[in-house]
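This report concerns only the one structure given below.
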Amino acid sequence: MKIYIPYENYRRDFLSRFLLGIELLEKKKCEEVQIGWFKNIFFNCFKDTINNLSKKVAIIDSNNFTYKYDLIKFFKFFDLNYYVIDEEEIGMLYVVDDKVNQHRFATEEFFELIDAKFKFSKQILELEKNYYNKDFSRKLIDSGNPRIQLLKQIRLAGTNFKKKFIFIALPESCLYYSKLLFQLKSKKIIFSNRPDKSISEVEPRYKYVKEIIRLTKKLSKEFPEYNFLVRPHPVDAEFLGKYKFIFKNNKNVKISIEDDTKFLLLESIMTICGFDFVALESHLLGTNGIVYKGNLEDYFEDYKKHFSRNLPNFQYLKEFDEIRDYIQNKKFLKKNTIISDELKNKLNLDKNINDIVCDNINLSKKSNSVFKKIVIFFSKRLFNKIEIYNKNIKEISFKDYLDFISYKNKLNNIVLIMLFGKNFLSCVFKTILFIKNKEDSISRKIGLDQTIDEKPLNSLVNLLKRKKIKYIIEENNFVITIRNE
């Protein structure tokens, strides 16, 4: 038995997926669990599927985006089990518009392929259940969230960390949004695949985070006795050098993109952040702080219902004098770690998603028919081409994409399209090889900010006393394989 767990966003998702992988390894007695950036995981899964027909396999995916549909149909043809934990569902707790929330749901056709979908809360489960004409109730499981489960287990570990700095978590991209805003205003790029990105959405967010940067520079001068650690939003990972330049005259400010937020929170004196998941992480880990209000609520009604509001160990401030007073009088020392019943219910804190996933993962029996072996023959020829492209991922162009999906004079492609749908080749290419956003930089396309770092991994293993776990990180640092020692 082998289980694949892809992540979309390393810094957000990896450690919680790693913890889930450990639980699956121990409770399902599987041979191994692979966790990695989704492109590399789907590459490995495709390779294993066509090379080992007898092995039982499951994927626990991080979304159900429509462009993957034909590839999942291919995996299901070979008796692979497919599960979904949508990490973005936490945003549904404060987004008012149901139509925006429903954008995350699978099409009815896609949902037929899903063995089970683990839902963040009963509220979101009911919303999705009512979205479909068919009754998919048995596939929707009220389970909680992996990130919340990770925070609960770190909190229970109760290890004392040395407090080193005031932690500033930037809640939005600044430099990427600056670039995006310029492009929108100059109309140099048409975001046909991102219609939600408009000046009215980007500009207020850009100004909001820019104001937090300005406050941080001012605070670092006001309080030279403290060290400040600024963590840019993950979207700005490629702009580390520019952030260092912005704070070059603030000697007590360090910039960190690589370090994991959870361990930064455990080492921080206090937190300054925005309406963001970081505030919730800070609350659950018992670190006090400030949510900078700014004027974001004037532009986005949803923030008035954000889950980071009304946390008892946070103050919600806007003016510099208020923030200075909070630090000057050391109000961050007053501990209040009580989690309200309302928040417990909203976050489904009583649920242990790792246990629930382990209880509901059931792998199908594999069959080795002659027809499947014929399909394997054609699939291996396709995989050989994928492998060539994968070795030269930086050089992939739109012309390569057109050549890959072409069926003219290509019997192999014609057979696979007839079996798995007209979009199968496009689906394979986009899922395994190609990022589709035109405005993405090379570093984002090849996932340079998605590689696995052993430092937080080892910190978590030591903190949770899971030292018997043996893991191997692939040479490209995008995939980790864990086995019992």
Side-chain angles (χ1 to χ4, degrees), residues 1-26 28 30-52 55-63 65 68 71-72 74-75 78 80-85 87 146-147 150 234 237 258 260 354 357 361 383-384 386-394 396 428-435 443-461 466 469-485:
M1 182 193 298
K2 190 169 184 176
I3 297 176
Y4 293 93
I5 307 178
Y7 59 76
E8 282 185 311
N9 183 320
Y10 168 75
R11 290 177 181 83
R12 184 189 68 189
D13 303 338
F14 173 71
L15 286 181
S16 61
R17 263 37 183 195
F18 180 76
L19 182 60
L20 172 60
I22 292 173
E23 301 284 353
L24 285 163
L25 203 64
E26 293 175 349
K28 297 301 288 187
C30 51
E31 177 189 336
E32 66 179 45
V33 177
Q34 274 194 23
I35 304 153
W37 193 37
F38 72 98
K39 292 189 170 298
N40 300 76
I41 285 291
F42 278 103
F43 174 86
N44 287 355
C45 189
F46 195 105
K47 182 179 179 180
D48 288 350
T49 299
I50 60 177
N51 286 318
N52 194 337
K55 187 177 288 185
K56 291 182 178 181
V57 176
I59 294 179
I60 304 175
D61 205 355
S62 54
N63 63 52
F65 291 156
K68 292 180 186 174
L71 180 58
I72 303 306
F74 170 84
F75 287 140
F78 292 105
L80 179 144
N81 292 92
Y82 183 68
Y83 301 88
V84 175
I85 304 172
E87 195 56 63
R147 280 198 286 167
L150 175 63
E258 297 81 12
D260 188 88
N354 293 346
V357 170
I361 294 286
F383 183 77
N384 290 339
I386 293 170
E387 207 162 22
I388 292 168
Y389 280 129
N390 203 48
K391 288 175 181 175
N392 301 285
I393 196 85
K394 287 184 183 180
I396 291 177
V428 170
F429 196 89
K430 286 181 179 179
T431 306
I432 298 176
L433 296 168
F434 191 67
I435 297 290
S443 67
R444 192 170 283 117
K445 283 181 179 178
I446 64 175
L448 286 182
D449 56 343
Q450 303 296 339
T451 53
I452 295 166
D453 180 7
E454 280 196 82
K455 183 181 173 184
L457 186 62
N458 290 332
S459 296
L460 182 67
V461 169
R466 299 294 188 100
I469 295 298
K470 181 181 178 182
Y471 65 80
I472 300 167
I473 299 176
E474 287 187 6
E475 284 183 19
N476 59 20
N477 291 331
F478 284 113
V479 174
I480 184 170
T481 301
I482 54 176
R483 303 183 181 94
N484 279 316
E485 195 170 28

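Counting begins at 1 with the first residue of the sequence. Below, all heavy atoms of this structure are taken into account, side chains as well, without hydrogens, waters or symmetry copies. As the structure is a computational prediction, the values presented were derived from the model and not from experiment.
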F42 and F38: aromatic ring centres closer than 6.0 Å?
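Ring centroids of F42 and F38 are no less than 6.0 Å from each other.
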Just do the side-chain contact (heavy atoms from CB on, under 4.5 Å) check on F46 and L71 with the steps written out, would you?
CA-CA 9 Å; F46 195 105; L71 180 58; 4.0 Å; yes
Does a sphere of radius 6.0 Å around NZ in K55 hold more than 12 heavy atoms from other residues, nucleotides or ligands, not counting ones at 6.0 Å or beyond?
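Counting other residues, nucleotides and ligands, NZ of K55 exceeds 12 neighbours.
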Closest approach of [X] and [Y], non-hydrogen atoms and distance?
X    : Y    : result
G21  : V33  : O-CG2, 3.7 Å
E8   : W37  : O-NE1, 3.6 Å
I60  : I3   : CD1-CG2, 4.0 Å
D260 : P456 : CB-CB, 3.9 Å

Would you call [X] and [Y] a side-chain contact if the rule is heavy atoms closer than 4.5 Å?
X    : Y    : answer
C45  : L80  : yes
N9   : R11  : yes
Y471 : L457 : yes
R17  : P6   : no
T49  : V57  : no
F18  : I482 : yes
V479 : N44  : yes
N81  : I361 : no

Take N40 and Q34 through the side chain to side chain donor-acceptor pair (under 3.5 Å) test and state the conclusion after the steps.
CA-CA 10 Å; N40 300 76; Q34 274 194 23; over 6 Å; no
Could you check whether R483 pairs with E32 (Lys NZ or Arg NE/NH1/NH2 to Asp/Glu carboxylate O, under 4.0 Å)?
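Looking at E32 together with R483, the answer is yes, because their closest N to O distance falls below 4.0 Å.
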Looking at D61 and K68, does any basic side-chain N land under 4.0 Å from a carboxylate oxygen?
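Salt bridge flag = yes for K68 with D61.
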Distance-only, no hydrogens or angles: does the [X] side chain make a donor-acceptor pair with backbone N or O of [Y] under 3.5 Å?
X   : Y    : result
Y10 : D453 : yes
N52 : D48  : no
Y7  : Q450 : yes
S16 : D13  : yes

Mind running ring pair (Phe, Tyr, Trp, His ring centres under 6.0 Å) on F43 and Y4 for me, showing each step along the way?
CA-CA 11 Å; F43 174 86; Y4 293 93; over 10 Å; no
How far does [atom1] of [X] sit from [atom2] of [Y], to the nearest 0.5 angstrom?
X    : Y    : atom1 : atom2 : result
N390 : K39  : CG    : NZ    : 9.5 Å
N354 : L20  : CG    : CG    : 5.0 Å
I473 : I35  : CD1   : CD1   : 10.5 Å
C30  : L25  : SG    : CG    : 5.0 Å
I472 : I480 : CD1   : CD1   : 9.5 Å
F14  : T451 : CZ    : OG1   : 10.5 Å

Audit row: I396, L433, side-chain contact (heavy atoms from CB on, under 4.5 Å) steps and yes/no
CA-CA 8 Å; I396 291 177; L433 296 168; 4.0 Å; yes
